[in-house]
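To keep things clear, I will list the structure first and then write my remarks on it.
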Amino acid sequence: MSHEDPILIVGAGQAGATAAAALRAFGHAGRIVMVGSEQPLPYERPPLSKAVLCDAAMDERIGIHPAGFHADHSIELRLGTVVASIDAARSVAHCSDGEALSFSRCLLATGGRARGLPDLPEGTPGVHTIRTLADAQALRGAMRQGKSLVVLGAGFLGLEIASTARAMGLEVAVLESAPHVLARAVPVAFSQWLEQRVRRTGIDLRLACRCTSIRPCPDGVEIALDDGSALHAALLVVAIGLVPEVELARASGLELNPVNGGIRIDAQCRTSAAHIFAAGDCTSQFQPLLGEEIRLESWQSANEQARIAAGGMLGVATEPAATPWFWTDQFGCNVQMLGMPVPGLTYQLRGSQAPDDATPKFLLLGFDSEARLCHAIAVNAGGDLRQLRALVERRTPCRAAALCDASIPMRQAVRDTVAATYSLP
Ligand SMILES: Cc1cc2nc3c(=O)[nH]c(=O)nc-3n(C[C@H](O)[C@H](O)[C@H](O)COP(=O)(O)OP(=O)(O)OC[C@H]3O[C@@H](n4cnc5c(N)ncnc54)[C@H](O)[C@@H]3O)c2cc1C
């Protein structure tokens, strides 16, 4: 591949936009065409469930790059356009407007769509999901009219929406089929702390419950639950996960992970076709910390894979992917996570986990059987979390007691741990 060859990016979201910028930064001088099915310039999705829901002025402030960036870097945009098919053998893509785009390398950055409920057709009055800016704008408008909202799903997204809606004064209920909130991502101790915090805001949080029917009615939605109770609300937000957008990849004959449905990529983000790469929420990749292939839906992962894919397409060596990091803002807390919730970790607390603290500050540190820090959760303590990055990356055996002693500054505790492990003077 020469630095003049044309590159096609399918999907103008986080991974697509980041990859386009990285290709130019790595010196690619050839044509870059980025096709995106949404109309707006590439934008950040994390604010959609936070500031955008309550503040229309945010709509203009969430661009991934400044307005003139793509023209300045000769990145051709085809917005509001769908890539309908890819002929991998001939290296040509066909767009919904009839344009055929030849490429030397292609990046699939097609993200995903909000998982719906089979019995609720898209467009059912009063029922919302959030994946796009248009979704968030529609929900924002409805929240200004409606006084009550039920969120289905107590994952990160569902809880963020509930937190924002409650802060806007709506009556909010959250329904979750698992016994705890965020059940797959955090230890039970953290879930229980957050559940208390959610309930203290006046949210009706119902765990281990299932909807048996959801019916639109003239002033909202009626929801029947398996315990025989029923809820009525002006609005229902379905936040039960993401379906990766992989139909193009499937039709092009690319290998998909049979379990998680993502497009299988190697460490360089290359798919089963050597000249087609993929990045972001649509992918499935081996995660060394877990020892298995997963689909990671996160802003950082989309950016990291985009950077590595750009390097891979050009044959430029890149730094390996950074340790997974994730954040969420909800219920007055900035929660950041580093590493992965590997099964079998023992979590220890640094700081105080009192649920009624207006601005709590603590960390939960997850150690494996060899005292290595594998997963860290920081509540309003992002600065401390940053200090831990090297320990997680290098899998350093740690002195947990020192790291969890809040009277020792984190920087000092990390230094002591490293010195003790490597017997430094
Ligand atoms: C409401 C919300 C809040 C979030 N909050 C956080 C957070 O707090 N922290 C965090 O780490 N992560 C968060 N995320 C996740 C993060 O935003 C995603 O992981 C990230 O956007 C994934 O980027 P992507 O490029 O893979 O997909 P996307 O950003 O979804 O981009 C994919 C794009 O491809 C387009 N597309 C698909 N198929 C085609 C086609 N055939 N032709 C043309 N275009 C196509 C889609 O329309 C879309 O525009 C949040 C996500 C949402 C939705």
Side-chain angles (χ1 to χ4, degrees), residues 8-20 33-53 58 62 64 77-86 93-97 99 101 106-115 128-137 139-140 151 153 155-161 163-164 185 237 239 241-252 262-263 265 269 278-285 295-306 309 324-330 333-338:
L8 170 66
I9 298 175
V10 184
Q14 192 70 48
T18 303
V33 182
M34 182 158 62
V35 184
S37 49
E38 292 179 69
Q39 203 62 60
L41 285 168
Y43 60 89
E44 307 267 356
R45 283 175 214 277
L48 298 184
S49 46
K50 308 173 183 82
V52 169
L53 267 192
M58 283 299 295
I62 58 174
I64 294 174
L77 292 177
R78 304 277 192 281
L79 298 177
T81 305
V82 172
V83 171
S85 66
I86 293 177
H94 296 277
C95 297
S96 51
D97 60 4
E99 186 178 13
L101 292 164
C106 171
L107 176 73
L108 296 179
T110 47
R113 55 186 186 279
R115 188 180 296 281
H128 293 255
T129 55
I130 297 192
R131 181 67 193 176
T132 65
L133 176 58
D135 295 338
Q137 288 167 331
L139 180 57
R140 182 173 66 213
V151 180
F156 291 107
L157 184 60
L159 290 177
E160 284 183 356
I161 295 164
S163 169
T164 309
V237 181
L242 177 101
V243 180
E245 191 60 73
V246 297
E247 291 319 312
L248 258 188
R250 191 196 307 277
S252 312
I263 305 168
I265 54 171
C269 300
D281 287 3
C282 62
T283 65
S284 173
Q285 191 177 38
R295 233 169 29 72
L296 200 54
E297 294 161 20
S298 96
W299 179 90
Q300 182 230 29
S301 175
N303 288 332
E304 284 293 275
Q305 289 183 342
W325 171 84
F326 182 86
W327 92 98
T328 173
D329 292 310
Q330 48 181 279
C333 297
N334 169 259
V335 181
Q336 299 188 28
M337 290 176 218
L338 185 66

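We count ligands from 1, going down the list as the structure has it; atoms in each ligand are counted the same way.
Annotation: atom 53 (C) of ligand 1 to nearest protein heavy atom, Arg131 NH1, 3.8 Å. Protein heavy atom in closest approach to atom 27 (O) of ligand 1: Gly111 CA, 3.3 Å. When hydrogens are left out, the protein atom nearest atom 31 (O) of ligand 1 is Gly13 CA, 3.3 Å; that is the closest non-hydrogen contact. Distance from atom 3 (C) of ligand 1 to its nearest protein heavy atom, with residue and atom name: Ser49 OG, 3.4 Å. Looking only at protein heavy atoms, the nearest one to atom 34 (O) of ligand 1 is Gly11 CA, 3.2 Å. Closest to atom 7 (C) of ligand 1, if we only count protein heavy atoms, is Trp327 O, 3.4 Å. Protein heavy atom closest to atom 29 (O) of ligand 1, with residue, atom name and distance, is Arg45 NE, 2.7 Å. Atom 24 (P) of ligand 1 has its closest protein heavy atom at Ala15 N, 3.9 Å.
Scanning both residues, Leu101 and Arg78, for their nearest heavy atoms gives CD2-NH2, 4.3 Å. Heavy atoms only, all atoms of each residue included: Ser49 and Glu160 are closest at OG-OE1, 2.6 Å.
For Cys282, the heavy-atom gap to ligand 1 stays at 4.0 angstrom or more.
Short contacts between ligand 1 and Gly280, defined as distances under 4.0 Å to a heavy atom of the residue, involve ligand atoms 26 (O). Counting atoms of ligand 1 from 1 in the listed order, those under 4.0 Å from a heavy atom of Glu160 are 8 (O). Less than 4.0 angstrom separates some heavy atom of Val10 from each of these atoms of ligand 1: 40 (C), 42 (N). Taking every heavy atom of Lys50 and a limit of under 4.0 angstrom, the matching atoms of ligand 1 come to 5 (N), 6 (C), 7 (C), 8 (O).
Judged purely by distance below 3.5 Å, without hydrogens or angles, the side chains of Gln330 and Thr328 pair a donor atom with an acceptor atom.
Nearest-residue assignment for atom 46 (C) of ligand 1 (options Ser37, Ala114, Ser298, Ala278; heavy-atom criterion): Ser37. Closest heavy-atom approach to atom 11 (O) of ligand 1 among the candidates Trp325, Trp299, Phe156: Trp299.
Looking at Asp329 against ligand 1, nothing comes within 4.0 Å, counting heavy atoms. Looking at Leu157 against ligand 1, only its side chain comes within 4.0 Å, counting heavy atoms. Within the 4.0 Å heavy-atom criterion, the part of Ala302 lying near ligand 1 is the side chain and not the backbone.
Scored by the side chain to side chain donor-acceptor pair (under 3.5 Å) test, Trp299 finds Gln14, Glu44 as partners (sequence neighbours excluded).
When atom types are taken as modelled, the side chain of Arg295 and the backbone of Cys282 share no donor-acceptor pair closer than 3.5 angstrom.
Just one residue in the list Thr110, Ile263, Leu108 forms a side chain to side chain contact (heavy atoms under 4.5 Å, CB included) with Val246, and that residue is Ile263.
Checked by distance only, ligand 1 and Val83 come closer than 3.5 Å through their nitrogen or oxygen atoms.
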